[in-house]
2 protein chains.
Amino acid sequence: MDAPNQPSTKTQKGEQTRALILNTALEMFRERGYENTTMRAIAEQARVAIGNAYYYFASKEYLIQAFYDRIHEEHLAVCLPALEKERSLKGRLLVTLRLKISTLEPYHQFAGVLFKTAADPRSPLNPFSPDSDPVRRASIDLFDHIIERSKVRVPKDLRVELPYLLWLYHMGIILFWIHDASLEHRRTYRLIDITVDLVVKLISLASNPLARPLRKTALRLVAELREEGS
Amino acid sequence: MDAPNQPSTKTQKGEQTRALILNTALEMFRERGYENTTMRAIAEQARVAIGNAYYYFASKEYLIQAFYDRIHEEHLAVCLPALEKERSLKGRLLVTLRLKISTLEPYHQFAGVLFKTAADPRSPLNPFSPDSDPVRRASIDLFDHIIERSKVRVPKDLRVELPYLLWLYHMGIILFWIHDASLEHRRTYRLIDITVDLVVKLISLASNPLARPLRKTALRLVAELREEGS
DNA sequence: GTCTATAACCGGATAGAC
DNA sequence: GTCTATCCGGTTATAGAC
């Protein structure tokens with residue numbers, strides 16, 4: 001079952017061409033920014049016809065969707081090995097978030113566009129949209145893995161929602177990073193240090209049996225907000 | 001000192017033309033949405049040349065900036081009288097937020113675009129950008145007024161940051177509303193009810209002398225995040 | 001199923017005359 | 001302040017080749 005934006009690159013060659021176009025585009029985005037890179041220029045640089053670019057990517061925005069996938073893969077590649085050495089939840093979260101930011105680093109100036117389109121509820125690039133389902137799931141799964149293989153014990157009800165909540169939190173960090181103009185994004189790293197500490201403490205507090213009623217209420221609210229429609 | 005996007009409409013006639021274009025645009029946005037309304041169509045409907053529209057609004061997006069101003073004015077007009085009858089902080093926040101949503105109501109389907117552009121750090125429409133300074137200040141001032149004329153007592157350090165924090169909170173509510181597809185946006189109103197209650201309780205907790213150290217830490221974090229640059 | 005080449009459409013934005 | 005003409009780039013359409 002292919003997503004509508006992934007026009008079934010069935011053949012070997014098709015796969016290659018698709019990758020070629022995407023790589024070319026991402027490189028150009030990094031170097032000159034998104035707006036300054038025209039579809040014509042991407043096609044020319046990749047030495048394909050412009051129609052071909054549109055054959056693989058329904059629109060310029062879909063190149064961004066593909067970028068999400070790419071980033072997630074790269075992040076996993078560095079993150080999973082690093083996680084092997086960390087068993088505390090705090091350490092695991094720190095590693096994950098820091099590596100996420102460093103993976104995104106080369107694209108900082110281009111990242112504004114990401115969230116720009118991502119914030120439109122009708123855009124397929126909205127991380128909550130159906131089109132983003134696969135990446136989002138994969139990303140949430142990572143947080144599930146982080147909890148699962150850590151030493152923490154959390155109550156079942158919280159355990160279920162926690163990966164999603166941590167994913168939301170991580171989106172917040174990225175949003176901050178996008179706006180962060182400090183040198184080497186030190187403020188983002190500082191924010192990570194501070195908030196990871198808070199988050200872990202909060203989880204521990206919420207796991208206390210005494211906090212059960214409050215936790216139930218809070219989780220009901222969360223569940224309600226996640227619902228779609230009516 | 002005029003903002004760069006407000007090309008000094010000094011003359012009577014200029015003021016009129018500007019208003020005409022803006023009104024026409026907003027009406028068309030409401031009826032057919034932002035993307036489906038072309039600058040050409042706006043100009044035609046308003047019976048001005050397209051170049052003239054660009055004389056008053058540097059880009060199509062700047063019409064949105066003007067929309068912010070307009071909404072804020074309308075909100076104030078209904079909100080201030082209603083606030084006269086409410087002295088409790090909780091009641092005042094409820095009134096303010098509910099009226100904000102109802103003021104925005106006619107523009108719900110067009111609102112996606114707002115946050116779309118608003119999320120781009122380089123966009124002048126970003127509510128944190130210098131161009132948005134006047135509206136943002138005015139909006140934060142409203143929250144200052146809400147606290148000031150209410151019965152609550154909050155410690156000085158918190159008092160200073162509170163208007164900004166409440167403004168942020170209100171932005172979060174709007175973001176939720178934009179994504180809210182429920183009938184008559186009931187979920188947003190429910191969210192307001194629940195969270196206003198939480199917020200007020202939290203303020204009261206944070207005002208407790210025992211909470212002083214924690215409050216100091218939290219406020220330092222907030223202050224740090226607000227800083228610009230380096 | 002992939003891919004090319006080319007022309008055309010559409011709408012945001014700009015230039016320069018008046 | 002206002003207009004017309006033009007540019008530019010995303011996107012589509014066409015028609016055909018491997």
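Within every chain, numbering begins at 1; the chains are lettered A, B, ... in the order of the sequence lines, protein sequences first and strands thereafter. Values in this document were obtained by computation on a predicted structure and should not be read as measured data.
Rounded to whole Å, the distance from CZ on A:Phe57 to C1' on C:dC3 is 15 Å. In this entry the distance linking CG of B:Asn36 with P of C:dG12 reads 10 Å, nearest Å. Rounding to whole angstrom units, OH of residue B:Tyr62 and P of C:dG12 are separated by 17 Å. To the nearest angstrom, C1' of D:dG1 lies 14 Å from CD of B:Glu15. Between the CD atom of A:Glu61 and the P atom of D:dG9 there is a distance of 18 Å, given to the nearest Å. Distance, B:Ile50 CD1 to C:dG11 P: 10 Å, rounded to whole Å. We find that CD1 of A:Ile42 is positioned 18 Å from P of D:dC8, with the value rounded to whole Å. Put simply, NZ on B:Lys60 is 16 Å from P on D:dG10, counting in whole angstrom units.
Side-chain N/O atoms of A:Asn52 include none lying less than 4.0 angstrom from OP1 or OP2 on C:dT2. A close approach under 4.0 Å does occur between a side-chain nitrogen or oxygen of A:Thr11 and OP1 or OP2 of C:dT2. Contact annotation: A:Tyr55 does not reach the phosphate of C:dC3 (side-chain N/O to OP1 or OP2, under 4.0 Å). At least one side-chain nitrogen or oxygen of B:Thr17 sits closer than 4.0 Å to the OP1 or OP2 atom of D:dT2. For A:Lys13, no side-chain nitrogen or oxygen approaches OP1 or OP2 of C:dT2 to under 4.0 Å. Contact annotation: B:Ser59 does not reach the phosphate of C:dG12 (side-chain N/O to OP1 or OP2, under 4.0 Å).
Counting only distance, with no hydrogens or angles, the side chain of A:Asp180 and the backbone of A:Thr188 share a donor-acceptor pair below 3.5 Å.
A cation-pi contact, defined as under 6.0 Å to the ring centre and within 45° of the axis, is absent between B:Lys60 and B:Tyr54.
Ranking C:dT4, D:dC3, C:dG12 by closeness to the A:Val48 side chain, first place goes to C:dT4. Which of D:dT11, D:dC3, C:dG12 sits closest to the side chain of A:Tyr54 comes down to D:dT11.
The distance between the ring centers of A:Phe110 and A:Phe67 falls below 6.0 angstrom.
The shortest distance between side-chain heavy atoms of B:Lys13 and B:Thr17 falls below 4.5 Å.
Atom CD of A:Glu44 has 12 or fewer neighbouring heavy atoms from other residues, nucleotides or ligands inside a 6.0 Å radius.
With hydrogens and angles left out, the side chain of A:Arg40 and the base of D:dT11 share a donor-acceptor pair within 3.5 Å.
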